[in-house]
Number of protein chains: 8
Amino acid sequence: MADSYTDIGFAKLDLSRAERTGLPETIFCSGKTAEQLHAILTAFGQRGCSVLGTRCSPAQAEFVIANGAKVNYDATSQVITLGTPLPAIAGKAAVCCAGTADLRVAEEAAQTLEFFGVTVERHYDVGVAGLHRLLSKIEAIRTADVIIAVAGMEGALASVVAGLVKSPVIAVPTSVGYGASFNGLSALLAMLNSCAEGVSVVNIDNGFGAAVQARRILQLKDNH
Amino acid sequence: MADSYTDIGFAKLDLSRAERTGLPETIFCSGKTAEQLHAILTAFGQRGCSVLGTRCSPAQAEFVIANGAKVNYDATSQVITLGTPLPAIAGKAAVCCAGTADLRVAEEAAQTLEFFGVTVERHYDVGVAGLHRLLSKIEAIRTADVIIAVAGMEGALASVVAGLVKSPVIAVPTSVGYGASFNGLSALLAMLNSCAEGVSVVNIDNGFGAAVQARRILQLKDNH
Amino acid sequence: MADSYTDIGFAKLDLSRAERTGLPETIFCSGKTAEQLHAILTAFGQRGCSVLGTRCSPAQAEFVIANGAKVNYDATSQVITLGTPLPAIAGKAAVCCAGTADLRVAEEAAQTLEFFGVTVERHYDVGVAGLHRLLSKIEAIRTADVIIAVAGMEGALASVVAGLVKSPVIAVPTSVGYGASFNGLSALLAMLNSCAEGVSVVNIDNGFGAAVQARRILQLKDNH
Amino acid sequence: MADSYTDIGFAKLDLSRAERTGLPETIFCSGKTAEQLHAILTAFGQRGCSVLGTRCSPAQAEFVIANGAKVNYDATSQVITLGTPLPAIAGKAAVCCAGTADLRVAEEAAQTLEFFGVTVERHYDVGVAGLHRLLSKIEAIRTADVIIAVAGMEGALASVVAGLVKSPVIAVPTSVGYGASFNGLSALLAMLNSCAEGVSVVNIDNGFGAAVQARRILQLKDNH
Amino acid sequence: MADSYTDIGFAKLDLSRAERTGLPETIFCSGKTAEQLHAILTAFGQRGCSVLGTRCSPAQAEFVIANGAKVNYDATSQVITLGTPLPAIAGKAAVCCAGTADLRVAEEAAQTLEFFGVTVERHYDVGVAGLHRLLSKIEAIRTADVIIAVAGMEGALASVVAGLVKSPVIAVPTSVGYGASFNGLSALLAMLNSCAEGVSVVNIDNGFGAAVQARRILQLKDNH
Amino acid sequence: MADSYTDIGFAKLDLSRAERTGLPETIFCSGKTAEQLHAILTAFGQRGCSVLGTRCSPAQAEFVIANGAKVNYDATSQVITLGTPLPAIAGKAAVCCAGTADLRVAEEAAQTLEFFGVTVERHYDVGVAGLHRLLSKIEAIRTADVIIAVAGMEGALASVVAGLVKSPVIAVPTSVGYGASFNGLSALLAMLNSCAEGVSVVNIDNGFGAAVQARRILQLKDNH
Amino acid sequence: MADSYTDIGFAKLDLSRAERTGLPETIFCSGKTAEQLHAILTAFGQRGCSVLGTRCSPAQAEFVIANGAKVNYDATSQVITLGTPLPAIAGKAAVCCAGTADLRVAEEAAQTLEFFGVTVERHYDVGVAGLHRLLSKIEAIRTADVIIAVAGMEGALASVVAGLVKSPVIAVPTSVGYGASFNGLSALLAMLNSCAEGVSVVNIDNGFGAAVQARRILQLKDNH
Amino acid sequence: MADSYTDIGFAKLDLSRAERTGLPETIFCSGKTAEQLHAILTAFGQRGCSVLGTRCSPAQAEFVIANGAKVNYDATSQVITLGTPLPAIAGKAAVCCAGTADLRVAEEAAQTLEFFGVTVERHYDVGVAGLHRLLSKIEAIRTADVIIAVAGMEGALASVVAGLVKSPVIAVPTSVGYGASFNGLSALLAMLNSCAEGVSVVNIDNGFGAAVQARRILQLKDNH
């Protein structure tokens with residue numbers, strides 16, 4: 001195991017992660033100063049690494065761009081990327097979400113997948129309150145090798161989708177809702193208790209984590 | 001308001017409840033001794049009142065029967081009744097449940113309704129993991145004036161049904177599940193956060209409460 | 001089932017909801033950008049649909065009005081409406097609340113009902129701390145076909161009202177309170193555990209949901 | 001401060017508590033072996049102290065009686081006492097409870113008060129589901145100098161009583177209920193959030209603690 | 001029971017509360033608009049009632065003063081009063097708090113008591129981390145007829161004080177702390193579980209509620 | 001979609017699940033009576049279906065065997081199977097667990113996988129308290145196409161493994177632990193918050209669910 | 001690092017733990033079958049290792065003794081040991097507990113320390129409800145190099161002790177209590193929020209963990 | 001025991017704490033006004049005491065400096081100090097943290113230790129997602145007499161480190177994370193449930209508390 005990293009004072013950049021886990025280092029931008037973010041991006045850039053950051057606020061993005069970082073930034077998903085996307089791999093992921101309020105999380109998943117070389121089909125606003133919307137898309141969803149289901153409130157989308165497909169479903173509870181949603185707890189618990197098989201769950205609002213898991217899964221299709 | 005009651009020492013029997021709220025007093029048997037239950041049933045019986053008890057254990061039922069109470073007891077629902085059912089009223093209720101483990105609660109609802117004079121249609125084992133089971137019944141469910149949806153685990157049944165019908169849905173979360181279902185909390189939160197309109201919720205495992213609420217609702221159809 | 005919707009990019013507008021569930025689509029404005037809200041309202045308006053939005057902030061309302069939407073906006077309830085109200089239906093709803101701090105939620109319920117064609121009687125500030133206020137109104141409350149009880153803190157209003165009437169009570173816990181109210185959890189739990197029969201509960205602060213449920217219930221009176 | 005105690009190996013008996021706090025040591029029997037309980041009772045008895053134990057199981061009581069302890073035991077309240085009650089003091093306490101399932105806790109409070117020399121009036125089964133039962137007793141309750149309100153489920157009794165009287169109300173939530181009562185949490189939170197003034201709360205099922213607090217309060221009437 | 005109130009549109013002012021419960025109406029200012037607060041104060045003022053408000057923000061106070069209300073406002077306690085204090089009653093209350101961060105709550109209790117005619121002794125910054133500070137004051141604290149113990153974090157002050165005195169202790173958990181204090185939950189639970197007898201508890205940060213309870217208790221000394 | 005099922009009164013057996021989702025119906029035995037379990041197994045057996053049940057108690061197993069069902073039962077995993085396993089598929093799964101107390105859950109996962117035609121490698125007792133045990137196995141674990149990580153207490157195994165491999169990790173929190181493990185909550189939260197990428201989570205103690213998800217994932221390797 | 005272990009099928013015995021962490025492997029007996037426990041003890045015994053087990057039920061102990069294991073078993077602490085204790089080290093630990101109900105946990109700590117070569121002083125039943133008991137012992141407690149404070153309910157003992165001594169305090173919350181103690185949660189939160197410095201906390205009822213931490217700390221005195 | 005303090009009106013400064021507990025008084029700046037902070041610092045400064053404050057906001061620091069206090073302030077750790085550090089003591093502490101987002105808490109610990117005379121080695125960004133980073137530092141970490149492990153999210157760092165060293169580990173959960181980290185709850189629970197021995201835990205984000213505990217522990221090395 002070639003285990004190397006670069007120490008830039010306040011952080012140890014994990015340069016061998018790609019070799020070890022198949023994907024490059026990524027950055028959780030929230031809670032970092034714009035200066036720290038810029039320094040980390042610069043260090044990766046100087047080594048020619050591609051890198052992706054999530055939860056990048058517009059202010060952070062503005063700062064790193066103003067200071068010369070050659071990044072792409074998408075305000076809906078709050079995803080920032082540096083360098084070229086990974087080469088395309090075989091297979092296809094579907095990203096489904098229940099409502100328009102889930103867009104940030106769904107797009108975080110979709111854009112992460114695309115930067116990691118995965119073909120993505122989006123099926124948005126297919127929440128179970130109007131089941132016909134989901135059913136009208138289900139044949140398309142069934143063609144995906146892996147499915148990410150994003151929903152807040154009661155999070156029923158994951159169960160309903162998983163009962164209708166053969167592919168693995170990665171469920172992403174979102175903090176969409178109020179009151180007894182307890183910032184996503186209701187959707188999280190619902191997804192963990194799915195009566196349908198084939199659902200595994202990531203953290204609340206963690207579209208990125210779902211995308212990485214989907215990418216790891218798609219390697220099985222690719223690696224032979 | 002004629003507010004009368006009978007004091008039998010450890011309890012005040014609410015004899016005017018029927019006049020005040022439209023339904024007779026009922027008994028939550030759990031936590032009462034078999035002797036207390038017998039005394040309460042006897043007091044009502046002597047006054048010619050019909051009365052219904054829930055969560056009556058087989059041991060409690062055996063005791064009161066052995067001591068001469070003229071009751072009917074159903075082991076599945078744990079419902080015990082004394083006296084004649086209420087006269088039939090107009091309208092129809094549907095009781096749906098997600099899985100066989102929800103039967104006790106669903107039957108508590110159904111048998112309470114029937115004792116209170118309501119026509120009931122049962123649609124059991126229609127959980128969303130196999131959506132076709134629910135969809136095959138949905139036209140029948142739509143004919144009901146009020147619907148009781150009973151489900152544990154992620155409790156998605158309430159949302160999915162409510163999105164497909166025009167009638168009010170009374171959701172009953174059950175403690176069916178394990179781990180992160182936290183004894184029904186996951187289903188409760190999911191039902192409270194239903195993305196579909198037309199859902200209101202009663203306590204975990206409270207089939208009786210849902211039945212009473214459905215009965216109150218059906219009075220609107222009856223009372224004109 | 002005629003299941004149609006219009007896709008406006010980030011949302012699928014459910015045009016057949018009225019046919020399916022009896023009520024038109026509504027909008028949860030919170031968490032949407034003012035631009036998204038305007039686009040949705042415009043799409044419905046162009047199709048001649050009536051539509052109602054809740055949790056519409058003054059800033060959102062100002063934006064959509066400034067951009068030409070023909071809406072009505074009420075700052076107390078944060079309800080925004082477009083188009084004509086639904087035709088009046090038979091029956092009457094009562095909206096009760098415990099204190100002045102519950103006004104936003106109570107008015108959300110009342111104005112939603114009125115837009116949906118329901119006659120509403122308001123009984124505000126009738127919390128159980130001064131029981132005579134409630135008792136002085138109870139005869140009027142008893143004349144309602146369905147009752148919405150709105151309360152924060154210990155939420156006792158729902159139990160007390162339900163014990164005094166024959167109509168179904170829809171309980172709305174509010175986030176009014178502090179400390180161990182845990183943003184409405186105490187009222188929510190209290191209402192779910194009502195010792196009085198005839199109470200079902202919606203999400204914390206969900207005056208809208210209570211109104212829709214009441215409207216569904218009143219259909220029973222209307223539809224014959 | 002005369003601070004003395006007796007060390008009996010596994011416990012230090014606080015013999016000066018009466019002098020320091022006005023009441024003798026008491027024993028929480030649950031979790032102690034019958035042997036330990038017997039040893040503690042014996043040690044107090046040999047010093048001529050009166051002592052009261054709570055949560056004494058029938059098996060524990062049987063053991064200590066069989067081993068010669070001169071105790072009184074009440075199975076309903078699970079209270080065990082040794083020696084003579086304290087001298088009577090001025091004033092009067094009312095113990096109210098919502099339902100028959102609250103009897104153990106209510107009697108624990110009442111019998112503790114009586115052993116500590118307090119006159120007690122019991123008002124049982126006056127829960128708010130049938131408000132007329134409470135209102136028929138309220139004049140009597142108003143004559144008490146201190147009121148203990150015992151209730152499970154939604155615990156509304158404390159708020160309603162406190163809004164109708166001038167005396168301090170000590171609220172005792174009980175674990176009576178199921179599902180979302182979460183073993184008394186719902187009643188506890190409700191009582192802590194009482195919209196009526198004049199309520200302070202003790203632990204779930206802690207009838208004893210309420211009695212001690214009531215006794216401390218009644219000292220104000222006595223000590224002048 | 002003379003049960004009267006005045007309806008000012010959005011609120012029903014409880015004018016007979018003094019007769020019913022011994023204390024005048026009070027106002028929880030938080031969550032009310034400055035205009036609502038002003039209207040309520042004005043209505044009471046016009047009837048010559050004394051009234052006390054808690055959680056009054058500086059901005060609210062500024063508004064009502066600027067609009068002519070003859071109030072007193074204290075920024076530390078956020079207490080606002082209108083009219084003359086109640087006549088002095090017999091007895092004395094002690095208000096103890098653990099640290100300087102508890103001052104707002106402690107002063108809310110102390111100033112409420114003083115407005116209600118109670119003599120108050122303050123013992124601040126006597127937390128158990130430096131036990132000698134408390135022990136140096138304990139003889140003075142023992143002279144009080146009722147004691148209010150205010151503490152955040154682990155809330156041990158209530159237990160320690162109650163073990164050293166004969167008077168009833170009203171415990172007020174505060175939201176002082178961070179992390180696992182969960183906004184006062186740790187102190188609340190600790191106080192509810194006090195191993196010392198003679199503690200009853202009010203809501204987190206509810207200095208006012210503790211004061212009212214203390215005032216009710218002191219009536220026993222006064223009323224004979 | 002061929003959506004058929006068989007109604008055996010208290011349950012609707014989902015006979016088309018294999019076609020729809022790729023795997024046959026399975027049975028959660030806990031909470032079913034032995035008679036119900038026997039009836040369900042018989043119904044599947046008569047149709048020649050293979051079926052797998054989890055959480056089958058020894059008593060349940062004994063009953064169904066005594067009544068003639070041709071099942072295999074494993075007491076460690078509490079897995080019961082009827083009929084022939086599914087045909088072997090390509091790829092390999094690793095099942096890792098932290099300690100011996102996690103064996104039931106780990107074996108539930110492993111035996112489910114084997115019944116579903118998957119090759120399994122077991123790596124047990126590799127918890128992070130003795131990291132060398134895990135590191136000595138890591139090369140073998142890296143050869144698996146999908147990894148199931150089973151751990152209770154602090155659940156760190158999932159994070160550590162996921163940081164060392166390229167394959168997707170399905171994390172199964174277990175209820176192993178006591179006190180602040182809160183029946184698996186601590187492990188669940190830890191796994192949801194994994195700082196390492198490539199972890200998705202199923203319900204507490206849900207070895208079965210992890211196995212199904214792994215099986216769905218392995219289809220990607222198989223289906224081309 | 002010499003990292004070796006022995007694989008006995010269902011467990012990997014960590015034979016190099018002593019070298020790595022300074023203490024031998026220990027066994028958490030709860031949740032293991034008596035047979036598994038016996039096998040583990042035997043494996044260690046055959047290698048001449050000393051080993052200590054906690055939470056060993058009387059039934060487990062009886063089984064392993066009946067099958068020839070040369071163990072010592074203490075029923076109060078539920079500690080079982082095999083082989084000779086570790087050599088005595090310098091320094092002294094104090095184990096304090098609040099009440100007699102905390103004895104099992106306190107003795108688990110004390111006997112673990114003694115098996116690990118540490119001199120222990122016990123100060124039991126020194127809870128803060130009778131502060132004089134603690135103060136009478138405080139000079140003795142001050143002479144200890146490390147202090148373990150064991151308490152349930154409100155857990156105030158840790159704060160009070162830590163404020164009076166210079167040595168580090170290891171706090172052990174216990175599940176002693178009922179109702180709002182939530183099985184030790186109240187004591188746990190209180191100890192984590194100690195207003196006194198010098199407190200760190202282990203899991204609820206984890207006397208063993210506190211002992212190991214105390215032993216690691218005492219090494220500093222020993223190792224020079 | 002020389003127990004003295006100075007009363008500055010709103011606070012009692014504990015001047016004898018150094019004598020009693022070995023360390024001077026410290027200040028939790030959060031929640032104090034800048035004026036209160038300045039007054040406390042001035043009072044200590046006039047008496048020649050060294051004092052350390054935590055959670056000092058830049059605005060607070062600016063105010064006290066502008067008003068003449070001779071303090072040192074570090075913006076990363078939010079630590080403010082007045083006067084000379086304590087004399088150096090024997091031994092060495094290691095402060096490890098999982099990621100850059102944990103820096104504030106880690107530096108609070110490190111700088112507190114240094115002000116209290118302790119030699120500190122920092123090992124930052126050694127989270128378990130890239131285990132090689134930690135393993136490359138482990139020999140250095142092993143040379144420390146006491147180790148502080150700071151981590152948010154799943155908090156696995158504490159378990160992994162404790163399993164690899166002989167020294168006591170003080171674990172500090174941080175609020176780093178989102179969603180199901182519940183502001184540090186996940187890390188807190190994980191650390192309390194560490195499967196590795198030798199971990200005790202302080203409050204979420206309490207770097208200061210960990211440092212004090214480490215300093216108390218190091219006294220054992222120093223005091224002989």
Side-chain angles (χ1 to χ4, degrees), chain A residues 97-102 125-135 138 141-142 149-166 169 171 173-201 204, chain B residues 97-102 125-135 138 141-142 149-165 169 171 173-201 203-204:
Chain A
C97 78
T100 56
D102 301 311
D125 208 11
V126 293
V128 301
L131 198 61
H132 58 294
R133 295 178 301 187
L134 175 62
L135 295 179
I138 196 66
I141 295 170
R142 276 194 182 116
V150 180
M153 302 180 77
E154 92 283 59
L157 182 64
S159 294
V160 172
V161 168
L164 295 169
V165 303
K166 294 185 182 178
V169 175
T174 71
S175 52
V176 170
Y178 61 92
S181 86
F182 296 124
N183 302 312
L185 179 63
S186 62
L188 172 63
L189 292 181
M191 288 168 167
L192 287 167
N193 285 284
S194 172
C195 60
E197 302 164 356
V199 178
S200 57
V201 187
I204 298 164
Chain B
C97 78
T100 56
D102 302 311
D125 208 12
V126 292
V128 301
L131 198 61
H132 58 294
R133 296 178 300 186
L134 175 61
L135 295 180
I138 197 67
I141 295 171
R142 277 196 181 113
V150 180
M153 301 180 78
E154 92 282 60
L157 182 65
S159 295
V160 173
V161 168
L164 295 169
V165 303
V169 175
T174 71
S175 53
V176 169
Y178 61 92
S181 86
F182 295 124
N183 301 313
L185 179 62
S186 63
L188 172 63
L189 292 181
M191 287 167 167
L192 286 167
N193 285 284
S194 171
C195 61
E197 303 164 354
V199 178
S200 57
V201 187
N203 194 5
I204 297 165

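Per chain, numbering begins at 1; letters A, B, ... match sequence-line order.
- In this structure, B:L192 CG and A:M153 CE are separated by 11.0 Å, a value rounded to the nearest 0.5 Å.
- Chain A forms more heavy-atom pairs under 4.5 Å with one residue of B:S194, B:A196, B:G179, B:G177 than with any other, namely B:S194.
- Proximity to chain B is limited to the backbone of A:Y178, based on heavy atoms less than 4.5 angstrom apart.
- With rounding to the nearest 0.5 Å, the separation of CG in B:N193 from CG in A:L185 is 9.5 Å.
- Rounding to the nearest 0.5 Å places CG of B:L157 at 11.0 Å from OG of A:S159.
- With a threshold of 4.5 angstrom between heavy atoms, B:L135 approaches chain A through side-chain atoms but not through N, CA, C or O.
- For the set B:G127, B:S186, B:A156, B:G152, the count of heavy-atom pairs under 4.5 angstrom toward chain A peaks at B:S186.
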Worked verdict on A:L131 versus B:L131 for side-chain contact (heavy atoms from CB on, under 4.5 Å):
CA-CA 11 Å; A:L131 198 61; B:L131 198 61; 3.9 Å; yes
